Amino acid sequence: MFLKGLSKMSGDEALELLVGLRTYQLTRLVRIRGEEKIHSLKEDLFSFAGQLMGRFDEKFSHQVETARKRFDWNVASLEQIAEEERARLKGLEPQEIRNQLRQELAAISGERFSPDEEVLERKMIAEIAEAYKIDTSFRSMEAVEKDIFSRFLRELADRIQNQLAQLKPEETTKVEEKLFESLSKMSESDRDIMKRELNLAELSERQVLNVIRTEGSSLVSRMVGEGQDGYGIYLTLTAATHAVFTTLMGISLPFAFYSAMATLVGFLLGPLGIALITVGGGSYFYKRAQREYNAQLLAFALVSLTVKEKWGQAEV
């Protein structure tokens with residue numbers, strides 16, 4: 001099962017997944033979004049007051065600007081929070097990091113204590129399946145896990161397809177350059193798997209992007225219909241996600257963060273996320289939304305661990 005992927009994760013891989021899970025907690029995202037809105041409102045109010053008073057008294061306008069700077073504060077970015085979390089974990093042994101990752105998965109699943117591996121896997125799958133509305137009746141965990149894996153890839157493919165459609169020509173060029181770099185670093189065997197699962201005679205950055213643009217989530221559906229294992233599709237979406245977000249954000253982050261941004265932040269910025277911020281943190285609605293959001297986090301972790309369990313090499 002997918003939790004066996006933990007033993008195949010290097011210390012760095014486990015650390016990045018753990019940092020991603022801790023950074024993208026719903027309460028943290030809501031707080032940051034709220035602080036950004038308050039900060040923006042404060043800036044607008046001081047700017048308006050300064051411009052208004054400046055028409056009558058330039059000295060008073062300077063006093064308003066001084067007050068604005070005095071009452072200013074920095075809104076921590078997700079990247080800063082991730083770096084702080086990474087610094088706290090620095091120096092720990094790989095096995096300790098894996099243990100903390102396992103405990104984090106148990107906490108996100110709603111378990112107060114860290115259960116044994118089989119119980120934790122069943123709990124994670126149950127939480128994700130309920131959020132995804134996947135039927136689990138009289139089905140094995142392996143079958144439900146496969147459905148979750150393909151569902152996650154479908155949603156990621158749709159988000160990348162939509163993002164590609166909104167790119168400006170100069171952004172598209174940069175995305176192609178970044179994707180070319182990623183493809184160049186891949187092993188020949190991984191490139192062959194991508195070509196086979198994408199039905200491409202030759203693998204190039206433009207061809208890969210064209211496949212995502214034209215097929216989107218149907219690419220994953222075709223994979224399932226043809227009985228492919230999905231590793232090539234995963235590699236494709238990993239590389240494309242990295243290229244798109246590196247271009248749009250102008251910074252380089254581990255894939256854990258790109259994938260989380262593409263799936264989890266998309267959830268937060270949708271209608272449910274906006275309503276969530278409006279209603280507040282103490283409501284029944286918030287608790288319900290948090291459970292759904294946590295299921296997205298668990299799905300992200302499940303996919304990462306499934307890839308390591310199926311195709312990764314054992315680490316020490």
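Bear in mind the structure is a predicted one, so any value in this text is a computation, not a measurement.
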Are R86 and E16 close enough for a salt bridge, meaning some N to O gap below 4.0 Å? yes

Of all the heavy-atom pairs spanning L235 and M186, show the shortest one and how long it is. O-CE, 4.0 Å

Determine, for E309 against K4, whether the closest basic-nitrogen to carboxylate-oxygen distance falls under 4.0 angstrom. no

Determine, for E142 against K146, whether the closest basic-nitrogen to carboxylate-oxygen distance falls under 4.0 angstrom. no

Is the shortest heavy-atom distance from the side chain of L17 to the side chain of M9 under 4.5 Å? yes

Shared ILVMFWY cluster between F180 and I212, side chains joined below 4.5 angstrom? no

Answer whether the closest heavy-atom distance between the side chains of I108 and E104 falls below 4.5 Å. yes

Residues R102 and P115: closest non-hydrogen pair is NH2-O, 2.5 Å

Under a 4.0 Å N-O cut-off, is there an ion pair linking R159 with E155? no

Audit row: K123, E127, salt bridge (Lys or Arg N to Asp or Glu O under 4.0 Å) steps and yes/no: CA-CA 6 Å; K123 178 66 173 177; E127 291 292 316; 3.4 Å; yes

Is the count of non-hydrogen atoms from other residues, nucleotides or ligands lying under 6.0 Å from R122 atom CZ greater than 12? no

All heavy atoms of D229 vs all of E197, minimum pair found to be OD1-OE2, 2.9 Å

Measure the spacing between CG of L183 and OG of S204 and express it to the nearest 0.5 Å. 8.0 Å

The reported gap from CZ in R98 to OG in S7 (rounded to nearest 0.5 angstrom) is 7.5 Å

Smallest heavy-atom separation, Q161 atom then R213 atom, equals NE2-O, 2.7 Å

Under the criterion salt bridge (Lys or Arg N to Asp or Glu O under 4.0 Å), I'd like the reasoning laid out for R291 against E130: C-alpha separation, chi angles, the key distance, then a yes or no. CA-CA 10 Å; R291 184 173 182 181; E130 182 178 350; 3.2 Å; yes

Other residues, nucleotides and ligands only: do more than 12 of their heavy atoms fall within 6.0 Å of OH on Y132? yes

Check whether any side-chain heavy atom of Q80 lies under 4.5 Å from a side-chain heavy atom of E85, and answer yes or no. no

Hey, are the side chains of L302 and L298 touching, using non-hydrogen atoms and a 4.5 Å cut-off? no

The test is side chain to side chain contact (heavy atoms under 4.5 Å, CB included); show your working for F300 and Y24 and say whether it passes. CA-CA 11 Å; F300 165 62; Y24 287 92; over 6 Å; no

Counting only pairs under 3.5 Å, give me each side-chain donor-acceptor contact of residues 163-175, with atom names and distances, residues two or more places apart or in other chains.
| from | atom 1 | to | atom 2 | distance (Å) |
| --- | --- | --- | --- | --- |
| Q166 | NE2 | N162 | O | 3.4 |
| E171 | OE1 | K168 | N | 2.9 |
| T172 | OG1 | K168 | O | 3.2 |
| T173 | OG1 | P169 | O | 3.2 |

All heavy atoms of P94 vs all of G11, minimum pair found to be CB-CA, 3.8 Å

At what distance, to the nearest 0.5 angstrom, does CG of L92 lie from CG of L15? 8.0 Å

Just so I know, are the side chains of L209 and E176 near enough to count as touching, which here means a heavy-atom distance under 4.5 Å? yes

Tell me whether K8 is salt-bridged to E13, with the criterion being a basic N under 4.0 Å from an acidic carboxylate O. no

Would N99 and Q103 count as a side-chain hydrogen bond (donor to acceptor under 3.5 Å, both in side chains) here? Give the steps. CA-CA 6 Å; N99 289 339; Q103 292 168 7; over 6 Å; no

Could you please spell out the steps behind the side-chain hydrogen bond (donor to acceptor under 3.5 Å, both in side chains) verdict for S137 and D135? CA-CA 6 Å; S137 303; D135 185 17; 3.0 Å; yes

Any I125 side-chain heavy atom under 4.5 Å of F2 side chain: yes

